[in-house]
Participant: 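I'd like to ask you about the structure that follows.
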Number of protein chains: 2
Amino acid sequence: MESSCQVDTALEILVGKWKHKILFQLINHDVMRFNELKRAIPGITQKMLTSQLRELEQNDIIQRQVYPQIPPKVEYSMTPYGESLKPLLDAMHSWGSNHIKHLDQLFPQTNEQ
Amino acid sequence: MESSCQVDTALEILVGKWKHKILFQLINHDVMRFNELKRAIPGITQKMLTSQLRELEQNDIIQRQVYPQIPPKVEYSMTPYGESLKPLLDAMHSWGSNHIKHLDQLFPQTNEQ
DNA sequence: CGGCATCCATGACGATACTG
DNA sequence: CAGTATCGTCATGGATGCCG
């Protein structure tokens, strides 16, 4: 286990343009259905939502509960283990917010989105 | 300043397959020259190293010191502000390491690299 | 030594249509 | 409702060559 950089491991869970947004929703809502997530994350396509959910599920970050009925019903929620990501996400959010301010001090003119 | 997700901001500093490896080196070495970094990060190309260093510099994470001499000498180091990333990187590394173990418990057979 | 310019491969991501 | 399948696009990253 080369300890050089398990940062990659953590990053792989979070990058992808959508994963952390999905997690943000699930952390704050406990349980959400597929379309509920889709509605909550503007711009995401079914394809992306599906694939990202699958990856998060495979990493035991979220869990998927299927109700075999018509119409189908699928619920997503954080796993207990997945909750361990919250402090990290909070820390990143916090650092990110501060970074915006920092850049603002450095370049007062520019407006970074 | 929509607070929905400044996680992106933090991620943008760290993703890119190389940025956090560069930071890892600079955090542990104080000052490094261009080729020193290149040697320390197996597989990286000049192009990538250059571009990533530029981006980190623009975000005030690292600083670049040029010595106008022949042959050229350029030194890179963390900025004081850049040091504020260290706790975050440590937390990510720590979580990542633990995640490897966690996956190992879930899927004892598989060997994730 | 420390770059920059150019070209190219890959895969992440998006748009759209179809299905149980 | 919650997907799968297919196709297209574009940014990221890689290989190579030239330069002060």
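Note on naming: letters A, B, ... go to the chains in the order of the sequence lines (proteins, then strands), and numbering restarts at 1 for each one. These figures come from a predicted structure and were not determined experimentally. What's counted below: heavy atoms across the whole structure, side chains too, no hydrogens, waters or symmetry copies.
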Participant: Does anything in residues 57-76 of chain A reach DNA chain C, meaning a heavy atom under 4.0 Å, and if so which residues?
Facilitator: A:P72

Participant: Show every side chain to side chain donor-acceptor pair (under 3.5 Å) that has at least one partner inside residues 13-26 of chain A, sequence neighbours left out.
Facilitator: A:K19-A:E55, A:H20-B:D8

Participant: Do any pairs count as a ring-ring contact (aromatic ring centres under 6.0 Å, His included) and have a residue in residues 38-92 of chain B, sequence neighbours left out, and if so which ones?
Facilitator: A:H99-B:Y81, A:H102-B:Y81

Participant: Using atom CD of B:Q46 as one end and atom P of D:dG13 as the other, report the distance to the nearest whole Å.
Facilitator: 16 Å

Participant: Residues two or more places apart in sequence or in another chain: which of them pass side-chain hydrogen bond (donor to acceptor under 3.5 Å, both in side chains) with A:K73?
Facilitator: none

Participant: What distance do A:I22 atom CD1 and A:M78 atom CE have between them, rounded to the nearest 0.5 Å?
Facilitator: 11.0 Å

Participant: Please list residues of residues 25-38 of chain B whose heavy atoms come under 4.0 Å from any atom in DNA chain C, ordered by number; otherwise none.
Facilitator: B:R33, B:F34, B:N35

Participant: Taking all non-hydrogen atoms of both residues, which atom of B:L14 and which atom of A:L11 are closest, and how far apart?
Facilitator: O-CD1, 3.8 Å

Participant: Does any donor atom in the side chain of A:T9 or A:Q6 lie under 3.5 Å from an acceptor atom in the other side chain?
Facilitator: yes

Participant: Rounded to the nearest 0.5 Å, how far apart are CE of A:M32 and OG of A:S77?
Facilitator: 11.5 Å

Participant: Between B:L53 (CG) and C:dC1 (C1'), how many Å, whole number?
Facilitator: 14 Å

Participant: Who passes side-chain hydrogen bond (donor to acceptor under 3.5 Å, both in side chains) against A:S84, sequence neighbours left out?
Facilitator: B:W95

Participant: In Å and rounded to the nearest 0.5 Å, what is the CD to CG distance from B:Q58 to A:L106?
Facilitator: 12.0 Å

Participant: Does the protein touch nucleotides 8-14 of chain C at the base, only the backbone, or not at all? Give it as B, S and - per nucleotide, heavy atoms under 4.0 Å.
Facilitator: -----BB

Participant: Return the set of residues passing side-chain hydrogen bond (donor to acceptor under 3.5 Å, both in side chains) with A:T79 (not counting sequence neighbours), or none when no residue passes.
Facilitator: none

Participant: Quick check on the helix from C:dC1-D:dG20 to C:dG20-D:dC1: what's the angle between its two end axes, five base pairs per end, to the nearest 10°?
Facilitator: 50°

Participant: Could you name each residue pair satisfying salt bridge (Lys or Arg N to Asp or Glu O under 4.0 Å) that touches residues 86-100 of chain B, not counting sequence neighbours?
Facilitator: B:K86-B:D90

Participant: Could you list the donor-acceptor pairs under 3.5 angstrom formed between side-chain atoms of residues 33-42 of chain A and any protein atom two or more places apart in sequence or on another chain?
Facilitator:
from, atom 1, to, atom 2, distance (Å)
A:R33, NH2, A:P72, O, 3.4
A:E36, OE1, A:R33, N, 2.9
A:K38, NZ, A:I44, O, 3.4

